[in-house]
Participant: 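Submitted below is the structure of interest, expressed as structure tokens.
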Amino acid sequence: MTDKYNFHEIEKKWPSSAKATDDKQEYDFRVIEKKWQDIWQKNKYGQSADFDDKPKHYHLVEFPYPSGAGLHVGHLMGYGASDAYCRMKRLQGYNVMFPIGWDAFGLPTENYAIKNKIKPQKATADNIANFKKQIHSLGFSFDWKREINTTDPEYYHWTQWIFLQFYKHGIKNGKLIEVADDDYHTPRLAFRAEMPVNWCPSCKINLANEEVVDGKCERCGTETEKRMQKQWMLRITAYADRLVDDLETVDYLDKIKTQQINWIGRSTGTNVRFEVKGFSNTVHDEEIEFYTTRIDTFFGTTFVVVSPEHPILEKLGYHIQNYHEIKEYVEVAAKKTELERTELQKDKTGVKCYGVYAVNPINGEHIEIWVADYVLTSYGTGAVIGVPAHDQRDYEFAKKHHIPIKQVVSILNHKSEILDKAIVDYGILINSGEFDGLSSDEAKIKITEKLKSIGAGEFTTNYKLRDWIFSRQHYWGEPIPIVHCDPPTGGCGRVPLPDDQLPLELPVVDNYEPSDTGESPLAKITDWVVTTCPKCGGRAERETDTMPNWAGSSWYYLAYTLVKSLKSKVKSGSNIFTKHAKELEYWLDAGDAARSSKSGGGVDIYNGGMEHTTLHLLYSRFWHKFLYDIGVVPTLEPYAKRIAHGIILGPNGRKMSKSFGNVINPDEIVAEFGADTLRAYVMFIGPYDQESAWNMAGVQGVYRFLKRVWRNQELVKENVVDPTELLVKLNQTITGVTNDLENFQMNTVVSKLMEFNNLVEKIGSISTKSYEKFILLLSPVAPHIAEELYESVIHSDLTMQKWPEPDKKYLIFDKIEVVIQVNGKVRDKISVDSAISDEEMKKLGLGTEKIKKILAGNEIVKTIVVPKKLVNIVIK
RNA sequence: GCCGCGGUGGCGGAAUUGGUAUACGCGUACGACUCAAAAUCGUAUUCCCUCAAGGAAUGUGGGUUCGAUUCCCACCCGCGGCACCA
């Protein structure tokens, strides 16, 4: 058995006749598609105007990273559906902006450049050229006038500008304020910190927490190491509450909202402080703070645990009798990788601190203090109270180390379903002094209030979300526009570059190799690094770290509306955002309907993959909210609606990958079957938001469908009167296709078109008028063939037409079919007048031959009539 | 462990304010065209039953209902997210 997919088997099934033929009657997609792609390009189809009488629709797809591998079929899932949607919207009379650009900074390009000794700028340009060619060959109607590239200095000028805004703003008393250059106390939103960073020894890069999965580098799978390093950070945690709460104002798939909520991981609980005492009476004024979500179990505390990194240990020092042992344990813990300390560790190791104890503030009990590495420094206060009776981990720890277990909440019998669910899950307090008899929920409030009254605790909110490590030690990213002016020359400290020195361009280099020391390749370019301080004019050095590739993509949806000014200089002291406030207001406001409801506004629809929900989507929401706070964007949220598409697996049902040999190259499918077939197939492949496996036979099926559509132009007759059956189906198809497109139910869009085409074949003719509507419905998913047929049969330009509206006349029927059931089983069907009364239905239902036969000799218990639908006769 | 989503023919999948289950596509079988094949067209195709009649079936077992793929309870399986998060 091997995972390799046998490609010869697929090839055998590909038709050898799917080649251009001399016969002009044949469906020759090669000629047709080239023709229309050129026409669309020439006519600038897809280009949108800023401001228009028409209603606007801003439709965003994730801009691609221009890799060397080119466009893959996954891109088609997103771009194909969105292109179809936009084509419909244009026909419906919308001013549609459907832009595209290049998210071109990033490690693969840098690695490629190192390996092949070419400049990343050159590699990027080459890859973009290839992507453009591919996109052109698929007939996507992007607005090329708005093309952007994150690696253009004109673009990253503003990425740097936004970074400097983060640097220049901070939080004081819970409010966002401008921070003076010499203010070293107010926490800035962009700040430097000595951080334990996730170092990937293979990529030679520090990763954000979000980029570490199971202790491994998300990109290459190498186990990461913890290192201490000075890093630029963005204070995303200051926005945690709003990032959770404002999800209520946006229309995202529920699972996306859930993922973001889980990721931010907000929990409310209680902080409680214990005084620390030593048996020798020499310990004074020391305390440990704990965080718990279960303060209702507080009286069950039989021990407390601090993390190995907790500062209290050093403070207590040799007041702890076995301090040597503790230090040893701390050292061992430090050597463990993240993986060993979390995933793999089942055994709860720990050491008791002898000679010291903690005092429970609520009842004065003396509590033993332990150090254990199952407690993490990075969450809460880095210390937990141990309540073994009501926490699985505490229980395991207590069992292993023979610590007493004390039950303080009686779990109620689960059968008493009448009780409130919260009480069933928790219980009623016992052995808890004055709090006995309270429910867990009540006790949480009362106990915290009590702690507050004695100054030992209060309610607190905690988040799993950490601040965003924003530095990368790489070449191919935006330089961080900060200068370090250190003594002896000046000593101005960190100095942001003034606006007129932006953009700070990447220097041209010969060597992009990162170093093992973790320094950026830029650090080696002395000419560039050494500069003058913008403040004092003395010698200073540039920051050599660059930004992560999430930076440029955090505001690109704004850039599309600002392209006019990306190329031209903006007056010093101003910025492109305020300069183009009108454009931003026009494109980002989600429309009147949204404005009147509780909406955060933003891009009308944002379509992309599920893999970006906790990184890109969260980061860009954070940036947007910050930009809103400093008054440069008009909406609270960047994206009013977010949808996501599933991934396409290889023909063997596994993730497409070179090593499995199951990668489908869109260029090959286009060459063999054409862009329309490929696009329609990808829409037809399965439910839009689920994963689906590629299937060559399915491609064939769609190809056959288009060939039949092509052939059926012969059935179009100018003077024929369509039978009612066809008109009914046509109008049902108009309704169905419109609804399905609106809801991104792409697979049924295609099947409904197939159904209609099948009926046309069965009837053998179709009027020009009906045919025209069908072709319009087809045009979003197969635009080239639709244009060609429209031109040759209707003699007009499809893109100038209007999207068809259903004629209600054909959706209401004279005759309807009524189902007759006996005991819930279908026994007969009758065709009746649609104005039929319930009484008549009952009479007719009881009277048919078949039913009479079944009813003979049986007693009718009752008869149920569903108006205009069915009759159910219950017998015996 | 917690949270979320799903399980329908030989296969991918339609259809849920409870009312004709299996649309559409693939595959398969037979037939037409052809010297022949491919392509194309026609017919059939959930299963059981020779046909008809009939019966059974939407992961499993219960329940509510005249009627359940749809609602409720329990369970099994698969997928995704979070996870020594206190």
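So you know, we letter chains A, B, ... as the sequences are listed, proteins then strands, and number each from 1. Treat the numbers as computed from the prediction; the structure is a model and nothing was measured.
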Participant: Identify, with sequence neighbours excluded, every residue that meets ring-ring contact (aromatic ring centres under 6.0 Å, His included) alongside A/H310.
Facilitator: none

Participant: What's the gap between B/C24 and B/A15 when it is taken at their C1' atoms, as a whole Å value?
Facilitator: 12 Å

Participant: The criterion is side-chain hydrogen bond (donor to acceptor under 3.5 Å, both in side chains); which residues satisfy it with A/Y379, sequence neighbours excluded?
Facilitator: A/S267

Participant: Keeping to residues at least two apart or across chains, list the side-chain hydrogen bond (donor to acceptor under 3.5 Å, both in side chains) pairs with something in residues 684-699 of chain A.
Facilitator: A/N607-A/Y688

Participant: Give each protein N/O atom lying under 3.5 Å from an N/O atom of nucleotides 42-49 of chain B, with the pair distance.
Facilitator:
none

Participant: Which glycosidic conformation, syn or anti, is assigned to B/G9 if syn requires a torsion within 90° of zero?
Facilitator: syn

Participant: Counting only side-chain heavy atoms from C-beta out, which of B/G80, B/A86, B/A14 sits nearest to A/Q259?
Facilitator: B/G80

Participant: Would you say A/R704 reaches B/G27's phosphate, i.e. side-chain N/O to OP1/OP2 under 4.0 Å?
Facilitator: yes

Participant: Can you tell me which nucleotide in B/G81, B/A39, B/A14 comes closest to the side chain of A/N262?
Facilitator: B/G81

Participant: Among B/U20, B/C24, B/C84, which is the nearest nucleotide to the side chain of A/K348?
Facilitator: B/C84

Participant: So if I define the base as every atom that isn't primed, P, OP1 or OP2, how would nucleotides 4-10 of chain B read as a B/S/- string at a heavy-atom cutoff under 4.0 Å?
Facilitator: -------

Participant: Taking the six-membered ring for Trp, are A/F673 and A/Y703 parallel (under 30°), tilted (30 to 60°) or perpendicular (over 60°)?
Facilitator: perpendicular

Participant: In what stems does RNA chain B take part, counting only runs of at least 3 consecutive Watson-Crick or G-U pairs whose two distances fall under 3.5 Å?
Facilitator: B:1-7 with B:76-82, B:10-12 with B:24-26, B:27-32 with B:40-45, B:46-48 with B:54-56, B:59-63 with B:71-75

Participant: Listed by chain and number, what are the salt bridge (Lys or Arg N to Asp or Glu O under 4.0 Å) partners of A/K842, not counting sequence neighbours?
Facilitator: none

Participant: Could a donor-acceptor pair under 3.5 angstrom be found where the side chain of A/K464 meets the base of B/C82?
Facilitator: no

Participant: Using only modelled atom types and a 3.5 angstrom limit, is any donor from either the side chain of A/Q821 or the base of B/U20 paired with an acceptor on the other?
Facilitator: no

Participant: Could you list the residues that satisfy salt bridge (Lys or Arg N to Asp or Glu O under 4.0 Å) with A/K762, not counting sequence neighbours?
Facilitator: A/E725

Participant: What nucleotide, of B/C84, B/C82, B/A14, holds the atom closest to the side chain of A/N747?
Facilitator: B/A14

Participant: What is the distance, to the nearest angstrom, from the CD atom on A/E611 to the C1' atom on B/G81?
Facilitator: 14 Å

Participant: Please tell me which of the listed nucleotides, B/A14, B/G55, B/G27, lies nearest to the side chain of A/A697?
Facilitator: B/G27

Participant: Are OP1 or OP2 of B/G27 and a side-chain N or O of A/N695 less than 4.0 angstrom apart?
Facilitator: no

Participant: For A/K399, give me all partners under salt bridge (Lys or Arg N to Asp or Glu O under 4.0 Å), at least two apart in sequence or on another chain.
Facilitator: none

Participant: Give a yes/no answer on whether the side chain of A/K862 brings an N or O atom under 4.0 Å of OP1 or OP2 in B/C66.
Facilitator: yes

Participant: Using the test salt bridge (Lys or Arg N to Asp or Glu O under 4.0 Å), find all partners of A/E755 that sit at least two apart in sequence or belong to another chain.
Facilitator: A/K729

Participant: For A/K400, check side-chain hydrogen bond (donor to acceptor under 3.5 Å, both in side chains) against everything at least two apart and list the hits.
Facilitator: A/D347

Participant: For residues 739-747 of chain A, which side-chain donor-acceptor pairs fall under 3.5 Å, sequence neighbours excluded?
Facilitator:
| unit_1 | atom_1 | unit_2 | atom_2 | d |
| --- | --- | --- | --- | --- |
| A/N739 | ND2 | A/T735 | O | 3.4 |
| A/D740 | OD2 | A/T748 | OG1 | 2.8 |
| A/D740 | OD2 | A/K752 | NZ | 2.6 |
| A/E742 | OE2 | A/Y85 | OH | 2.5 |
| A/N743 | ND2 | A/N739 | O | 2.9 |

Participant: Over how many whole Å does the gap from A/K707 atom NZ to B/G25 atom C1' extend?
Facilitator: 15 Å

Participant: Under a 4.0 Å threshold between the charged nitrogen and the carboxylate oxygen, would A/R30 count as salt-bridged to A/E672?
Facilitator: no

